[in-house]
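Structure first, commentary second.
Only this structure's heavy atoms are used, side chains among them; waters, hydrogens and symmetry mates stay out.
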Amino acid sequence: MQNFQDDLIFVFIGTENYHFMIKRNITLLKRIYPNSPVLVYDWGDANGTPSPTQFPKNVEVINWSNRIKDTWHLMEVYSQKRRIEIGKSYNSRRNRGFAKRLDKFFLKRLPNSSKAKAVIERGLRYENLLLHKSYNLMECSKKLADKAFFLLDADAFLVDRIDEIFEENPDVILPMVEPAKQGWDYNNCHGLSTGIAGFGSRTAERDTFLTNWYDAIGKNDEWFRELAAMNRLFKEESPKIFDNWGLNTINLGEHDVRLKTIENDVYNCVLNYQDSPSNFDRVKILHLAGIAQRPHLFNHYFQLVEQELERRQ
């Protein structure tokens with residue numbers, strides 16, 4: 001088994017409202033991989049303004065706030081109808097209040113008004129963030145040429161070592177839900193996840209994957225567009241990978257890519273007010289999905305993660 005001591009680099013990305021999670025995440029991560037380098041891409045406030053967040057001194061931080069708009073051209077694929085839907089979806093996630101109800105009225109009754117357009121613009125900015133990960137990873141892969149690295153969402157916490165997933169020398173490692181839970185309908189496409197992602201040291205092969213993924217996003221307009229684009233790309237190129245977890249070699253043009261799928265319930269297991277692992281003993285990564293939007297719940301669930309980590313050490 002490959003045993004990473006100082007070689008595996010951990011990468012975090014996110015806007016300012018996720019930084020409190022990233023800082024907590026790094027603290028726990030260092031209890032498992034004390035010598036591993038950590039790289040944070042600071043997306044600022046998503047409007048191009050750098051954040052004031054101070055990360056630990058032993059963490060490399062890259063100011064990425066002025067790069068968020070690099071993917072803005074991908075918003076051009078949306079029809080006016082879809083733009084309004086994006087505005088409504090964004091507005092629905094806001095806290096209750098008069099402003100939310102007023103914006104809902106304008107979106108429904110006067111979608112061409114300046115009031116509605118302002119909400120739609122905010123919705124598109126949020127949508128841009130949802131698909132920006134792949135673009136950021138393309139730059140990250142070049143920066144970390146010939147070095148293995150592992151991406152963790154801000155709210156995905158290690159509770160155990162994960163060296164084993166790098167066995168068999170994969171280029172890309174992604175969690176996948178079991179076949180019975182996969183979905184392939186329009187606007188409901190899911191199989192592979194990107195809450196966590198591992199990348200082997202072969203730069204050209206992983207760059208081929210990232211480039212193909214980014215190109216696929218440009219042709220997609222579904223909800224959770226980045227994820228849908230990835231799943232449809234691999235479903236078209238090699239549908240057998242969705243039958244079971246394991247290593248598959250996929251031809252993506254310039255290079256053959258070794259994609260390893262791993263069990264989502266082990267490496268990207270959701271823990272929140274709706275879901276909890278059926279067997280904590282199997283879990284290596286706990287994902288507090290949806291908690292960032294409810295920060296009052298974060299301390300409670302973070303304590304559960306800490307307890308699980310302490311139980312194992």
Side-chain angles (χ1 to χ4, degrees), residues 10 12-15 17-29 31-32 89-90 92-96 126 129-131 133 150-162 164-165 173-185 187-198 222-228 230-231 241-245 260-313:
F10 287 89
F12 297 92
I13 59 179
T15 50
N17 56 331
Y18 283 87
H19 289 174
F20 75 101
M21 283 191 174
I22 293 176
K23 291 168 74 172
R24 293 278 196 97
N25 205 324
I26 293 170
T27 300
L28 290 195
L29 173 66
R31 292 170 58 179
I32 303 173
S89 176
Y90 174 80
S92 69
R93 287 189 291 270
R94 296 166 62 189
N95 293 329
R96 294 180 180 180
Y126 181 76
L129 292 175
L130 293 179
L131 58 79
K133 179 188 290 184
F150 192 81
L151 174 77
L152 276 167
D153 272 3
D155 52 359
F157 298 86
L158 264 69
V159 292
D160 210 336
R161 295 184 69 91
I162 53 169
E164 72 280 357
I165 68 174
I173 305 163
L174 293 170
M176 184 178 75
V177 298
E178 58 193 79
K181 295 181 180 179
Q182 296 170 12
W184 300 103
D185 294 335
N187 280 340
N188 185 30
C189 179
H190 58 276
L192 298 170
S193 177
T194 58
I196 62 97
E222 298 177 68
W223 295 115
F224 301 106
R225 179 177 172 185
E226 187 176 65
L227 199 55
M230 173 192 286
N231 277 280
I241 71 170
F242 294 94
D243 294 341
N244 209 341
W245 299 284
K260 185 174 186 178
T261 56
I262 54 179
E263 193 172 351
N264 195 80
D265 285 348
V266 175
Y267 297 99
N268 190 37
C269 187
V270 175
L271 172 64
N272 60 18
Y273 48 90
Q274 293 177 313
D275 298 290
S276 181
S278 57
N279 184 354
F280 270 94
D281 290 337
R282 300 183 65 237
V283 175
K284 295 291 188 83
I285 300 175
L286 286 165
H287 199 154
L288 308 187
I291 300 299
Q293 288 73 38
R294 298 169 174 82
H296 61 286
L297 296 176
F298 175 72
N299 285 335
H300 169 69
Y301 286 99
F302 184 76
Q303 286 176 1
L304 296 180
V305 175
E306 285 185 307
Q307 290 170 12
E308 182 58 25
L309 178 57
E310 290 171 1
R311 185 177 72 87
R312 300 183 186 209
Q313 291 187 326

Next on the checklist: Measuring only between side-chain heavy atoms, which start at C-beta, is Ile196 closer than 4.5 Å to Ile262?
Outcome noted: yes
Item to check | Non-neighbouring partners of Arg31 that pass side-chain contact (heavy atoms from CB on, under 4.5 Å), sequence neighbours left out | outcome: Leu28, Leu309, Glu310, Gln313
Item to check | Heavy-atom side-chain contact between Val266 and Val283 under 4.5 Å | outcome: no
Item to check | All salt bridge (charged side-chain N to carboxylate O under 4.0 Å, His left out) counterparts of Asp155, not counting sequence neighbours | outcome: none
Next on the checklist: Can you tell me how the ring of Tyr126 sits relative to the ring of Tyr90, calling it parallel under 30°, perpendicular over 60° and tilted otherwise?
Outcome noted: tilted
Next on the checklist: Looking at every heavy atom in both Asp265 and Glu178, which two are closest together, and how far apart are they?
Outcome noted: OD2-OE1, 4.2 Å
Checklist entry - Got a second to check how far Thr194's OG1 is from Asp153's CG, nearest 0.5 Å? => result 6.5 Å
Item to check | Residue pairs involving residues 263-290 (criterion ring pair (Phe, Tyr, Trp, His ring centres under 6.0 Å); sequence neighbours excluded) | outcome: none
Checklist outcome for this item: Rounding to 0.5 Å, atoms CE (Met230) and OG (Ser193) come to a distance of 8.5 Å
Checklist entry - Got a sec, which residues hit side-chain contact (heavy atoms from CB on, under 4.5 Å) with Asp281, two or more places apart in sequence or on another chain? => result Asn279, Arg311
Checklist entry - If you round to the nearest 0.5 Å, how far is CD1 of Ile13 from CD1 of Ile22? => result 8.5 Å
Checklist entry - For Asp160, which residues count as a salt bridge (charged side-chain N to carboxylate O under 4.0 Å, His left out) partner, sequence neighbours excluded? => result Arg312
Checklist entry - Hey, do the aromatic rings of Phe302 and Phe157 have their centres closer than 6.0 Å? => result yes
Item to check | Atom of Glu226, atom of Leu131 and distance for their closest heavy-atom approach | outcome: OE2-O, 2.9 Å
Checklist entry - Hey, is the main chain of Arg161 close enough, under 3.5 Å, to the side chain of Lys284 for a donor-acceptor pair? => result yes
Checklist entry - Where do Arg24 and Asn299 land on the side chain to side chain contact (heavy atoms under 4.5 Å, CB included) test, with the steps shown first? => result CA-CA 10 Å; Arg24 293 278 196 97; Asn299 285 335; 3.2 Å; yes
Checklist entry - So which heavy atom on Ile285 is nearest to which on Val159, and how close? => result N-CG2, 4.4 Å
Checklist entry - Looking at Val177 and Gln182, what are the two nearest heavy atoms and their distance? => result O-NE2, 3.2 Å
Item to check | More than 12 heavy atoms of other groups within 6.0 Å of Phe224 CZ | outcome: no
Checklist entry - Relative to each other, are the rings of Phe150 and Phe10 parallel, tilted or perpendicular (30° and 60° limits)? => result perpendicular
Item to check | Distance (rounded to the nearest 0.5 Å) between Phe12 CZ and Ile26 CD1 | outcome: 5.5 Å
Checklist entry - Which atoms form the tightest heavy-atom contact between Phe242 and Pro179, and what is the distance? => result O-CG, 3.5 Å
Checklist entry - Looking at Glu222 and Asn188, what are the two nearest heavy atoms and their distance? => result OE1-N, 4.3 Å
Next on the checklist: Does any part of the side chain of Asn264, heavy atoms only, come nearer than 4.5 Å to the side chain of Met176, both counted from C-beta?
Outcome noted: no
Checklist entry - Going from CG on Asn268 to CG on Leu286, what distance comes out if it is rounded to the nearest 0.5 angstrom? => result 10.0 Å
Next on the checklist: Just to verify, what does Asn272 make a side-chain contact (heavy atoms from CB on, under 4.5 Å) with, not counting sequence neighbours?
Outcome noted: Val270, Gln274, Asp275, Ala289, Ile291
Item to check | Pairwise distance CD(Gln303) to CZ(Phe298) - rounded to 0.5 angstrom | outcome: 10.0 Å
Next on the checklist: I'd like to check Pro277 versus Leu271 (side-chain heavy atoms, cut-off strictly below 4.5 Å). Are they in contact?
Outcome noted: yes
Next on the checklist: Test your reading of the model: is there a side-chain donor-acceptor pair from Asn231 to the backbone of His190, 3.5 Å cut-off?
Outcome noted: no
